Student: 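Structure provided below as structure tokens; questions to follow.
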Amino acid sequence: MNDVALRLTVNGQPREGRCAPRKLLVDFLREDLALTGTHVGCEHGICGACTILVNGEAARSCLMLAVQADGAELVTIEGLMRDGVLHPLQEAFREHHGLQCGFCTPGMLMTALDLLHVKPEPTEADVREGLSAVLCRCTGYHGILKAVQAAAPRMVTAAHQGRNA
Amino acid sequence: MKPAKFDYHAPASVDEAVELLARYGGDAKVLAGGQSLVPLLNFRLARPAALVDVNRIAALSYVREVDGTVAFGAMTRQRTIEFSPVVASRLPLLREATRWVGHLPIRSRGTIGGSIAHADPSAEYPAVLTALGGEVEVQGPRGRRTVKAADLFETYLTTTLAPEELVVEVRLPAMPAGSGYAFEEFARRHGDFAIVGIAAMLVRDGARCTSARLAAAGAGPVPVRLRAAEEILERDGLGDAAIEAAAARAAELVAPDSDIHASAEYRRHLTSVLTGRALRRALKTPRP
């Protein structure tokens, strides 16, 4: 089947491209838009490395076709830092050693971002359950858990002050 | 891996979708939330000639309460259900079951119609549909028909629907005010496929149980309504002895298979243990 055209918004920027209907959204982001921050892991929705925000909600970009994102608003890991300032979640991951090899990190951050939007004041159990959506094969979960818990109140404060959250 | 080539269609209406399904005569697959189908495509376990993507059919996404029934458009996302005030007040059993469906990023995309049409026996929604005696509305080339939960599931990943039929609505009777409910599940990790799950609802009148609903997921090729266990409660009430008898009976009502995740014997054991747990918790958990 012929290539299809798509227009979408990625990290606030209008983008467009053409691809085969069978192209996965994660591959479109990486290969066509050169946004390689989103990682391809298991390709069956288990590992969570490819998690991005689709219209404000976390979703697996390996389980969507690129063509399905026509007209959508996406946020990828590249969209977190603004004006050279790290997002409070990124800052907290750095402080609390929330990453080792870094492969799962984009998925962890985007999943945590959605979790904290849904539950701005999560319990530890909430964070554990939420982060179970992403696998870290370095098994560095404790640092990740601490980072997300540390970021939560900062994001609430930032949101009150109308800053990056 | 990556999906093999397919024709891609994203119809804007149900009529158009059904026409496309009929045109491919069983060689097309419906793409709903894609959380089960896309992995199958990526691993080329499914190689349909065409995908009929129903995500652009806006008319298939809604939650409506009408005369004691809650109707869901087939494309209503699991995430929408999780946060729906109507579901929280009228179908808290469904809300609780939803929390067991994968993870939040999966529920952002996964749909109620897709989960039911996929007919994975370990999935939560088919079990809730079975427990509450719900039904689905399907549309095919010859019009619409209603299929009751009891007539819907045929075997593993197989429903009684024709390939050119599309699930358009899922209907569940609202739970009676004050009815108790619980969804118990055992999985290796939260969010993994259930090894066994139990959906339970109890309607009480004083010490009597006027209606009990129990269904098991993961304990056979289709979700199983545990009717003989329900009858024990309706006859003997909700005391410890009756609950234990119902839990023991539940294990005799299922015919699980062994696979790499668990033996048939273990699944049978879990059916009994989780039925007991679900009933005890349902007693303490009334619908608002």
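Each chain gets a letter, A, B and so on, in the order its sequence line appears, and its residues count up from 1. Note that these values count all heavy atoms, side chains included, but never hydrogens, waters or copies made by symmetry. Note that the structure is a prediction, hence the values are computed from the model and not measured.
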Student: Using non-hydrogen atoms and a 4.5 Å limit, figure out which bit of Leu53(A) sits close to chain B: side chain, backbone, both or neither.
Tutor: neither
Student: Return the set of residues passing side chain to side chain donor-acceptor pair (under 3.5 Å) with Glu96(B) (not counting sequence neighbours), or none when no residue passes.
Tutor: Arg281(B)
Student: Would you mind listing every ring-ring contact (aromatic ring centres under 6.0 Å, His included) that reaches into residues 34-76 of chain A, with sequence neighbours excluded?
Tutor: His39(A)-Phe103(A), His44(A)-Phe43(B)
Student: Could you tell me which portion of Leu31(B) (side chain, backbone, both or neither) has an atom closer than 4.5 angstrom to a non-hydrogen atom of chain A?
Tutor: side chain
Student: Any sub-3.5 Å donor-acceptor pair from Arg267(B)'s side-chain atoms to Pro256(B)'s backbone N or O?
Tutor: no
Student: Donor-acceptor pair, distance only, cut-off 3.5 Å: does the side chain of Asp27(B) make one with the backbone of Ala50(B)?
Tutor: no
Student: For residues 29-55 of chain B, pull every pair meeting salt bridge (Lys or Arg N to Asp or Glu O under 4.0 Å), keeping only residues two or more places apart or in separate chains.
Tutor: none
Student: Looking at Glu31(A) and Lys23(A), does any basic side-chain N land under 4.0 Å from a carboxylate oxygen?
Tutor: yes
Student: Heavy-atom distances under 4.5 Å only: say whether Val118(A) touches chain B with side chain, backbone, both or neither.
Tutor: side chain
Student: Is Asp27(A) in contact with chain B via its backbone, its side chain, both, or neither, using a 4.5 Å heavy-atom distance?
Tutor: side chain
Student: Tell me, out of Thr51(A), Thr111(A), Val67(A), who's got the most heavy-atom pairs with chain B below 4.5 Å.
Tutor: Val67(A)
Student: Is the closest basic N to carboxylate O distance between Arg94(A) and Glu91(A) below 4.0 Å?
Tutor: yes
Student: Does anything in residues 97-119 of chain B reach chain A? List residues with heavy atoms under 4.5 Å apart, or say none.
Tutor: Arg99(B), His103(B), Leu104(B), Pro105(B), Ile106(B), Ser108(B), Arg109(B)
Student: Under 4.5 Å heavy-atom distance to chain A, tell me which part of Leu41(B) shows up: side chain, backbone, both or neither.
Tutor: neither
Student: Do Ser61(A) side-chain atoms and Cys50(A) backbone N/O form a donor-acceptor pair below 3.5 Å?
Tutor: yes
Student: Taking NZ, NE, NH1 and NH2 as the nitrogens, is one of them in Glu78(A) or Arg15(A) under 4.0 Å from a carboxylate oxygen of the other?
Tutor: no
Student: Quick check on the interface: out of Leu65(A), Ile46(A), Val40(A), Asn55(A), who has the most heavy-atom pairs with chain B under 4.5 Å?
Tutor: Leu65(A)
